[in-house]
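Written below as C-alpha cells is the structure these notes are about.
Naming convention: chains lettered A, B, ... in sequence-line order (proteins, then strands); numbering from 1 in each chain.
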Amino acid sequence: MRDAKVFAGTSHPTLATRVAQHLGIELSPVTIRRYSNREISVELGCSVREKDVYLIQSGSSTMNDHLMELMVMISACQLASARKITIVVPYFPYSKQSKKKKRRGAVTAKVVACMLCVSGIDHIVTMDLHSSQMHGFFTKPLDNLLSEPTIVHWIKDNVAGYKDAVAVAKNAGGAKRVTSLADKLKISFALVHTDNANPLKQMSRTPSSVAMHTLPPGLLENSPYSSRLGSFGIGSPPSALAPSTPVIPEENYDPDADNGLVMKALPKSALDTQDKDSDEESKEPLDEAAEETKELPNEAIDQPKEALKEVIEEALSAKKILEAENRNDELPLSPSTLELIASGTHLINEPSYTQKPSTWHKKKASRVTLVGDVQNKLVFLIDDMIDSSSSFLTAAEHLKVQCGAKEIYIIAAHGLFGGTSLAEIELCPHVDKVIVTNTFPLPDEVISKSKKLVQIDVSLVLSEAIRRNHNGESISYLFEKSLYD
Amino acid sequence: MATNSIRILSGNSHPVLAELIAKRLGLDLSNVTVSKYSNQETAVTIGESVRDEDVFIIQSGCGEINDHLMELLIMINACKIASARRITAVIPCFPYARQDKKDKSRAPISAKLVANMLTIAGADHVITMDLHASQIQGFFDCPVDNLYGEPSVLKYIRENIPDWRNAIIVSPDAGGAKRATAIADQLDLDFALIHKERKKANEVSRMVLVGDVQDKVAILVDDMADTCGTLGLAATTLKKNGAQAVYAIVTHGVLSGKALEVITKSDLTKVVVTNTIPHASKKKLCSKLDTIDVSRVFAEAIRRTHNGESISYLFRHIPE
C-alpha cells in the first residue's frame with residue numbers, strides 16, 4: 001500500500017500483526033511508554049507526513065488505558081502532519097452504553113465517539129457495534145464491519161448438522177441480529193426471555209420455570225463492602241465468585257429452599273440483559289486489594305463444591321499473573337485516589353456480588369421462558385458479545401434441561417470473558433462449544449485452558465476493509481460475503 | 001429576573017394536542033402567527049414577548065412533515081433571537097426517527113441530521129416520546145427526555161381490553177421484541193414474536209409465529225404504524241394460529257397510504273394509537289381506531305421540566 005503506515009496499540013498485538021501480514025506490510029515502529037504516574041507517552045518511530053495512517057487498537061480488559069493510548073496516538077499522528085488518520089477498533093469500547101438505560105445515566109459511547117473525533121481522526125473502522133445507531137454519534141465516517149459472514153462461513157464449514165439447528169436469541173433485544181443469522185443459515189429461530197418483573201407471582205404459575213434468587217436492586221449500593229471493594233478496582237473478588245457461579249448441581253435449584261446459600265444467586269445483572277456490560281471499569285486488581293478481599297467476612301466462600309473452588313482459584317491466579325505482566329514496571333494507583341473514590345462515589349464493579357448472604361432477605365426470582373421449539377435440536381445461543389457468563393448459562397441450562405435441546409453452542413462476535421466466566425462455561429455441562437471472534441484480546445493461557453472455546457479469525461476482514469478504504473473501493477461487499485470462500 | 005414565567009407555543013402540526021397540554025397546565029397558548037409566502041417559505045411571528053421566558057414549543061412530526069420541521073426550526077430560532085431564557089422543543093413524534101442507522105450501504109442517518117438542525121437552531125432541551133431507537137438521545141448535544149407511552153398503554157390494556165388476563169403480547173417483528181417483552185413482563189403475560197422468515201433465496205418472505213397464541217387474545221405492540229401492512233399480515237397470521245381476537249397498540253399512528261383500508265379489511269379487532277399524531281378525521285372513517293390520550297404525560301413533563309423536578313416518575317406512572 002503506497003503512502004500508508006499501520007501502527008498498532010498495545011491492546012491486541014496478535015490481531016494487529018495478522019492484519020499487517022494480510023496487507024503485506026510491516027507494522028510501523030512506535031514506542032509507547034508509561035510514566036510512573038501511569039500517564040502514557042507515544043513516540044512514532046517513522047515519519048507520517050502526508051501519509052495515510054491506520055491505527056489498530058481494540059478494547060481490552062484495561063479498556064481506559066488503551067482508549068487513552070489510542071487518543072494519544074491519534075494526536076501524535078495529527079501533530080506529525082499525517083494526511084488522513086483512520087482508526088481500526090475491532091471492539092469499540094463502551095459500546096454497550098449507547099443509550100440512557102437508567103434514569104440519569106450517561107450515553108458513554110457518545111462521549112467516547114466525541115473524544116475520538118476531537119482527537120483528530122478522519123475515519124473509523126469497527127466491527128459489530130452493539131447498536132448500529134452508534135453510527136450517528138460520530139461526526140466522521142464510520143464503517144461498521146460485520147462478523148456475521150465469517151461466522152456463517154465457519155458454521156457451514158465446521159458444524160455438520162447445522163441445517164437442522166435452531167438459532168436462539170439470548171434476549172429480546174438481540175432478536176433482530178439473530179433472525180438475520182438464522183435467515184443466512186436458513187434455519188429456524190427461537191428466543192429465550194428472562195422475565196424478572198413480577199417474579200414471585202410467576203414461580204408458582206409456570207411449572208417449567210427455573211426460579212433463581214437474585215439480589216434485590218439497591219443492595220449493591222447499600223452494602224458496606226461494595227464501595228470499599230469497588231474502590232480498589234477488583235474485577236471479581238474471590239469471595240464474590242462463589243455465589244455468582246451458576247454451575248450448579250441440580251439439587252440446588254430448589255426455588256423453595258431458603259437457607260441454601262450456595263449457588264442460589266444468579267446476579268441480577270446477569271439476568272438483566274442491560275446490566276452485564278460495565279465490567280470495563282477496572283480489571284486491574286492490585287495485590288494489596290486482593291488481600292483485602294480475602295479478609296472480608298463472607299460465608300459464601302465456605303460453601304461451594306471443592307472442584308469449583310479450585311477452578312476459580314486457578315483462574316484467579318492466572319489472571320493475577322497476567323495482570324502483573326501487563327503492569328510491568330508501572331506504579332499502582334496511589335491509595336489516596338482510592339479513598340477519593342470510596343467517599344460518596346460508589347465505583348461498583350458489576351458483577352460484584354459481595355454481599356453477605358444474610359442480606360439476601362428480599363428475594364427476587366426470575367423466570368426463563370423459551371419462545372419457540374428446540375426439542376432434540378442443536379442450538380446456537382447467540383448474542384453480540386459475551387462478558388459475564390451467567391445469563392448464557394441460565395439460558396443454556398433452561399434449553400437443555402427444560403426444553404430438550406441436544407447440544408448447545410454459544411456464539412458471540414465479541415468474546416470478552418470478564419472475570420472467570422470462561423472457566424464457568426468450561427465447567428457447565430450444558431454448553432458444548434463457545435464460538436467467538438478474535439476482536440477482543442484474550443490471554444494465551446486462557447485460550448489454551450479452554451477446550452470449548454473456538455476463536456474465529458477476523459483479521460482478514462479488517463485488513464480488507466483497510467485495503468479497500470485506502471484504495472477508495474466500496475466496502476459493502478464485506479457486509480454480505482465471507483472472504484474465506 | 002422573572003423566575004416563574006413560562007410560555008407554551010404551538011406550531012401548526014397538532015393544535016389539538018397543544019390545546020390539551022396547555023389546558024392541563026392551566027395556561028393559554030401564546031400568540032404565534034405562522035404563514036407562508038407565495039414561494040412556499042415559512043414565516044413566523046411571535047406575537048408576545050418571550051424575553052427571559054422559559055419557552056416550550058409543541059410541534060409533532062406528522063402530515064406535511066418537512067414543512068412542520070422547518071416551522072419548528074424557525075420558531076426555535078425566532079425565540080432564540082428574541083432572548084428566550086430556555087427553549088424546549090416538545091416533539092411528540094420525532095420526525096425521521098426511522099432513519100437512525102446506516103442499515104444499507106450509503107444510507108444517510110437523517111435522524112442525526114434533524115438532531116443537529118434542532119441544536120443549531122437553538123433548542124436547549126428536547127422532550128419527545130417513544131423514540132424509534134433510544135440511541136437517538138445520543139445524537140443530541142443537549143438534554144433529551146424520551147417519555148414512554150408504555151404506562152398509558154398498560155393502563156389502556158387493563159381498562160379497555162376485556163379478558164386481558166388471557167392475552168398474549170406479540171411483537172410484529174424481531175426488532176420490537178424487547179418492547180413487547182417489557183409490556184408482557186409488567187402485565188405478567190406471555191409473549192410471542194412474528195418472524196419474517198427467508199429460508200430460501202428469492203422466496204417471498206413468510207411470516208412465522210414463534211410462540212403459542214391458541215385461544216388467546218393477541219395484543220400486537222409496536223412503536224409506529226405507517227401503512228399497517230405488517231400489522232394486517234401479522235393479524236392474519238395470528239388468527240390462523242388460533243388467536244381469539246387481535247388488538248394492535250401502537251404509539252405513533254402515522255396511518256398513511258392505504259392504512260385505513262388495510263385495517264378495515266384485516267382481522268384486527270381494534271387498532272389503538274396515541275394522539276402524538278392527529279387522527280381525528282381518520283377515526284371517523286374507520287371504526288376500529290381508538291385513541292390513548294398522552295397529553296397529560298407531556299403536560300406533566302413540561303411542568304416538571306419548568307420547575308426543575310425529576311421526570312423519571314413519568315417513566316413508570318401516569319400523572320393523575
Side-chain angles (χ1 to χ4, degrees), chain A residues 98-104 107-111 113-114 129 131-139 142-144 169 171-180 182-184 186-191 193-199 201-202 205-206 273 367 369-373 474-477 479, chain B residues 99-107 109-113 115-116 131-141 144-146 171 173-193 195-201 205 208-212 310-313 315:
Chain A
S98 62
K99 57 184 178 184
K100 212 167 129 181
K101 289 170 201 159
K102 295 170 193 137
R103 299 156 183 193
R104 296 174 282 279
V107 185
T108 317
K110 154 98 176 185
V111 180
C114 288
L129 285 176
S131 66
S132 37
Q133 282 85 2
M134 275 181 61
H135 252 294
F137 294 174
F138 291 86
T139 51
L142 177 147
D143 293 318
N144 184 22
N171 55 53
K176 200 161 186 176
R177 193 178 299 120
V178 179
T179 51
S180 155
D183 284 347
K184 292 263 163 67
K186 293 162 191 156
I187 58 176
S188 310
F189 156 81
L191 191 151
H193 172 49
T194 309
D195 168 357
N196 41 13
N198 287 319
K201 255 190 282 172
Q202 290 153 352
R205 213 188 59 168
T206 322
T273 54
R367 179 174 64 129
T369 342
L370 172 77
V371 183
D373 181 27
S474 168
I475 299 268
S476 37
Y477 176 86
F479 299 144
Chain B
Q99 297 185 36
D100 57 356
K101 56 177 177 249
K102 210 172 137 182
D103 48 1
K104 295 182 198 95
S105 299
R106 299 171 285 282
I109 306 178
S110 311
K112 164 85 175 181
L113 176 66
N116 284 345
L131 281 173
H132 186 59
S134 34
Q135 281 85 356
I136 294 176
Q137 272 185 317
F139 293 1
F140 285 88
D141 291 323
V144 178
D145 288 317
N146 182 22
S171 171
D173 59 43
K178 203 157 185 177
R179 187 177 302 113
T181 53
I183 290 177
D185 284 357
Q186 290 188 55
L187 290 169
D188 191 12
L189 295 174
D190 286 329
F191 106 103
L193 182 149
H195 163 44
K196 286 183 211 118
E197 199 172 53
R198 278 175 218 93
K199 275 203 171 182
K200 286 174 197 139
S205 68
V208 181
L209 178 74
V210 184
D212 182 19
S310 168
I311 297 272
S312 46
Y313 174 84
F315 297 160

How close do [X] and [Y] get, counting heavy atoms only, and between which atoms?
X	Y	value
A:His193	B:Asp185	NE2-OD1, 2.9 Å
B:Ser105	A:Ser476	OG-CB, 2.7 Å
A:Ala190	B:Val210	CA-CG1, 4.2 Å
A:Ala175	B:Ala174	CB-O, 3.4 Å
B:Ala192	A:Val371	CA-CG1, 4.1 Å

Toward chain A, the part of [X] with a non-hydrogen atom under 4.5 Å:
X	answer
B:Arg179	neither
B:Val208	neither
B:Ser310	side chain

**Q.** Which residues share a ring pair (Phe, Tyr, Trp, His ring centres under 6.0 Å) with B:Phe315, sequence neighbours left out
**A.**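 B:Tyr148.
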
Q) Which one, A:Arg103, A:His135, A:Gln133, A:Lys100, leads in non-hydrogen pairs under 4.5 Å with chain B? A)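 Of the options given, most contacts go to A:Gln133.
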
Q.
Checking the side chain of A:Lys110 only, and the main-chain atoms of B:Gly138 only, is there a donor and an acceptor separated by less than 3.5 Å?
A.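 Such a contact is found between A:Lys110 side chain and B:Gly138 backbone.
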
Q) So what's closer than 4.5 Å to chain B heavy atoms on A:Ile475: side chain, backbone, both or neither? A)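 Answer is neither: A:Ile475 stays 4.5 Å or more from chain B.
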
Q. Would you call the rings of B:His195 and A:Phe189 parallel, tilted or perpendicular if under 30° counts as parallel and over 60° as perpendicular?
A.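 Rings of B:His195 and A:Phe189: tilted, 30 to 60°.
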
